[in-house]
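Comments concern the structure below.
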Amino acid sequence: AQSVTQLGSHVSVSEGALVLLRCNYSSSVPPYLFWYVQYPNQGLQLLLKYTTGATLVKGINGFEAEFKKSETSFHLTKPSAHMSDAAEYFCAVSKAAGNKLTFGGGTRVLVKP
Amino acid sequence: KAGVTQTPRYLIKTRGQQVTLSCSPISGHRSVSWYQQTPGQGLQFLFEYFSETQRNKGNFPGRFSGRQFSNSRSEMNVSTLELGDSALYLCASSLDGGQYEQYFGPGTRLTVT
């Protein structure tokens, strides 16, 4: 069974500082990997995904993530945090067949002015 | 292109009652998945429907059921509601295959009293 671990349920960063959110997965085969963001009282919005090819993936709003198979990781970064980045972020994996997403526990990001 | 819509957005029910939630996917998407989000358990997969057939099912009791219509619209039903069923229920639609991102609706907030 697949599982996803996000290290740190809460992260506090200063505006302009680096945002680093950690995600590790366990899977018997290389999965497809996703990062979603959720703003209060809203659904989830896709930030970026890794399916195949280049292991450094760029997403929306200046976010990027790197797939490291040897470390079974897919950490999310943004060089400079903005107040609008305050939200909850979810890492998720899926297998090739079907559309079942397995989510990590989520990391809530607080951005301090 | 219109996004995923869910109705109703908010619902208050009493223990023992049943409830039906509705989801309209993005046009052209034949896969619809349902997720339950709670503070304690996070995001959990309920089930996925594809072409009117349940293709995947999560680890939820039989009180949770769903269906999909020929136009890909989906409903989920929860019978004999329990307090623990209070949650945000998210619907997502996608193309077929785990490599495709899922597009989430805004969710239905169910409160069971």
Side-chain angles (χ1 to χ4, degrees), chain A residues 1-10 23 25 27-54 57-60 63 65 67 74 87-108, chain B residues 3-7 9-10 21 23-26 29-51 53-60 66 68 72 74 87-109:
Chain A
Q2 295 176 310
S3 68
V4 181
T5 302
Q6 290 184 238
L7 189 62
S9 59
H10 291 80
C23 172
Y25 66 91
S27 176
S28 57
V29 295
Y32 299 122
L33 296 153
F34 305 83
W35 275 99
Y36 284 88
V37 61
Q38 186 178 35
Y39 298 100
N41 299 315
Q42 294 187 27
L44 278 69
Q45 179 185 8
L46 180 73
L47 280 176
L48 49 79
K49 67 177 183 180
Y50 171 79
T51 56
T52 187
V57 181
K58 295 187 184 300
I60 62 171
F63 285 93
F67 170 59
F74 191 55
E88 189 157 20
Y89 293 79
F90 293 92
C91 181
V93 302
S94 72
K95 293 191 281 190
N99 293 323
K100 174 186 174 181
L101 283 171
T102 300
F103 286 92
T107 299
R108 190 172 299 275
Chain B
V4 178
T5 58
Q6 293 186 246
T7 57
R9 290 293 310 278
Y10 301 91
L21 312 181
C23 172
S24 292
I26 290 172
H29 287 185
R30 294 161 64 192
S31 172
V32 174
S33 298
W34 290 88
Y35 296 85
Q36 181 196 64
Q37 185 177 25
T38 60
Q41 299 299 317
L43 278 157
Q44 294 185 287
F45 173 79
L46 279 156
F47 30 64
E48 181 215 0
Y49 285 86
F50 182 82
S51 292
T53 301
Q54 188 181 86
R55 188 162 65 173
N56 283 299
K57 190 178 189 305
N59 190 25
F60 279 82
Q68 187 179 34
S72 293
S74 178
L88 181 67
Y89 289 89
L90 292 164
C91 166
S93 76
S94 72
L95 298 171
D96 188 29
Q99 72 270 34
Y100 296 107
E101 59 266 38
Q102 295 191 24
Y103 293 83
F104 285 81
T108 294
R109 173 77 61 187

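Letters A, B, ... mirror the listed sequences (proteins, then strands); counts begin at 1.
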Checklist entry - Are any side-chain N or O atoms of A:Tyr36 and backbone N or O atoms of B:Gln102, one a donor and one an acceptor, separated by less than 3.5 Å? => result yes
Checklist entry - Taking only residues two or more places apart in sequence or in another chain, which ones pass salt bridge (charged side-chain N to carboxylate O under 4.0 Å, His left out) with B:Arg9? => result none
Item to check | Under 4.5 Å from a heavy atom of chain B, the part of A:Gln38 involved | outcome: side chain
Checklist entry - In terms of heavy-atom proximity below 4.5 Å to chain A, should B:Leu95 be classed as side chain, backbone, both, or neither? => result backbone
Next on the checklist: I'd like to know whether CZ of B:Phe60 has more than 12 heavy-atom contacts from other residues, nucleotides or ligands below 6.0 angstrom.
Outcome noted: yes
Checklist entry - Listed by chain and number, what are the salt bridge (charged side-chain N to carboxylate O under 4.0 Å, His left out) partners of B:Lys57, not counting sequence neighbours? => result none
Item to check | Euclidean distance, B:Phe47 CZ relative to A:Lys100 NZ, rounded to 0.5 Å | outcome: 13.0 Å
Item to check | Part of A:Tyr50 within contact of chain B (heavy atom distance under 4.5 Å) | outcome: neither
Checklist entry - Non-hydrogen atoms of chain A under 4.5 Å away: do they reach the side chain of B:Leu90, the backbone, both or neither? => result side chain
Next on the checklist: Nearest 0.5 Å, please: how far is CG in A:Leu46 from CZ in B:Phe104?
Outcome noted: 9.5 Å
Item to check | Heavy-atom side-chain proximity of A:Leu44 to B:Tyr35 below 4.5 angstrom | outcome: no
Checklist entry - So which part of A:Leu101 gets closer than 4.5 Å to some heavy atom of chain B, the side chain, the backbone, both or neither? => result both
Next on the checklist: With no hydrogens and no angle check, just 3.5 Å: does a side-chain donor-acceptor pair link A:Asn99 and B:Ser33?
Outcome noted: no
Checklist entry - What part of B:Gln37 lies closer than 4.5 angstrom to a heavy atom of chain A: side chain, backbone, both or neither? => result side chain
